[in-house]
Amino acid sequence: MKAFVEDFGVTIRQLREDKGWSQEELAERSDLNRSYVGEIERGRVIPSIVTAQKLATALGISMVGLLMHCEQLDRSRLARRIDLATIAC
């Protein structure tokens, strides 16, 4: 669960940075507090579904698209672990 929360935060940060937005700008566009957006990006809080939808809408992505980004991060992490384990053997 912790890895998913961290992946969600990384995804939010990447999508925000791709738009060239500050945390404050994303917070304003999603009607959230800037410090709360920072906590989400650092994986320190678990946002509600409503909050996730606000962020997705502000970022111009569907909830499905947002979750797919998270899934891609998880798969990348797993692939790196497999590669490292293969090299170690």
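Quick caveat, the model's predicted, so the values are computed rather than measured. When a residue number appears, it is its place in the shown sequence, counting from 1.
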Among all residues two or more places apart in sequence or in another chain, which pass the side chain to side chain donor-acceptor pair (under 3.5 Å) test with Ser30?
-> none
Hey, could you give me the CG/CZ distance between Leu59 and Arg16, rounded to the nearest 0.5 Å?
-> 9.5 Å
Backbone N/O of Gly38 and side chain of Arg42: donor-acceptor pair under 3.5 Å | yes
Value for CD (Glu25) from NZ (Lys19), rounded to nearest 0.5 Å, stands at 10.0 Å
Examine Ile12 and Phe4 and state if one hydrophobic cluster contains both, with Ile, Leu, Val, Met, Phe, Trp and Tyr joined whenever side-chain heavy atoms are less than 4.5 Å apart.
-> no
Would you give the length of the straight line joining atom CD of Gln23 to atom CG of Leu26, rounded to the nearest 0.5 angstrom?
-> 8.0 Å
Could you give the side-chain donor-acceptor pairs of residues 47-58 under 3.5 Å, partners two or more places apart or in another chain?
residue: Ser48; atom: OG; partner: Val50; partner atom: N; Å: 3.4
residue: Ser48; atom: OG; partner: Thr51; partner atom: N; Å: 3.1
residue: Ser48; atom: OG; partner: Thr51; partner atom: OG1; Å: 3.1
residue: Gln53; atom: NE2; partner: Thr57; partner atom: OG1; Å: 3.0
residue: Thr57; atom: OG1; partner: Gln53; partner atom: O; Å: 2.9

Check: Arg13 side chain, Glu41 main-chain N or O, donor-acceptor pair, under 3.5 Å = yes
Out of curiosity, Trp21 CH2 to Arg29 CZ, how far, rounded to the nearest 0.5 Å?
-> 4.0 Å
Phe8 to Leu66 - nearest heavy-atom pair and separation | CE1-CD2, 3.6 Å
Could you tell me whether Met63 atom CE has more than 12 heavy atoms of other residues or ligands within 6.0 Å of it?
-> yes
Measure the CZ-SG distance between Arg75 and Cys70 for me, rounded to the nearest 0.5 Å.
-> 12.5 Å
Taking a hydrophobic cluster as the set of Ile, Leu, Val, Met, Phe, Trp and Tyr residues connected by side-chain heavy atoms closer than 4.5 Å, whether directly or through intermediates, do Leu32 and Val5 fall within one such cluster?
-> no
Side-chain contact test, heavy atoms from C-beta onward, threshold under 4.5 Å: evaluate it for His69 versus Ile61 and give yes or no.
-> yes
What residues, two or more places apart in sequence or in another chain, satisfy side-chain contact (heavy atoms from CB on, under 4.5 Å) together with Leu73?
-> Asp7, Val10, Thr11, Gln14
Separation of Glu6 CD from Ile40 CD1 (nearest 0.5 Å) = 14.0 Å
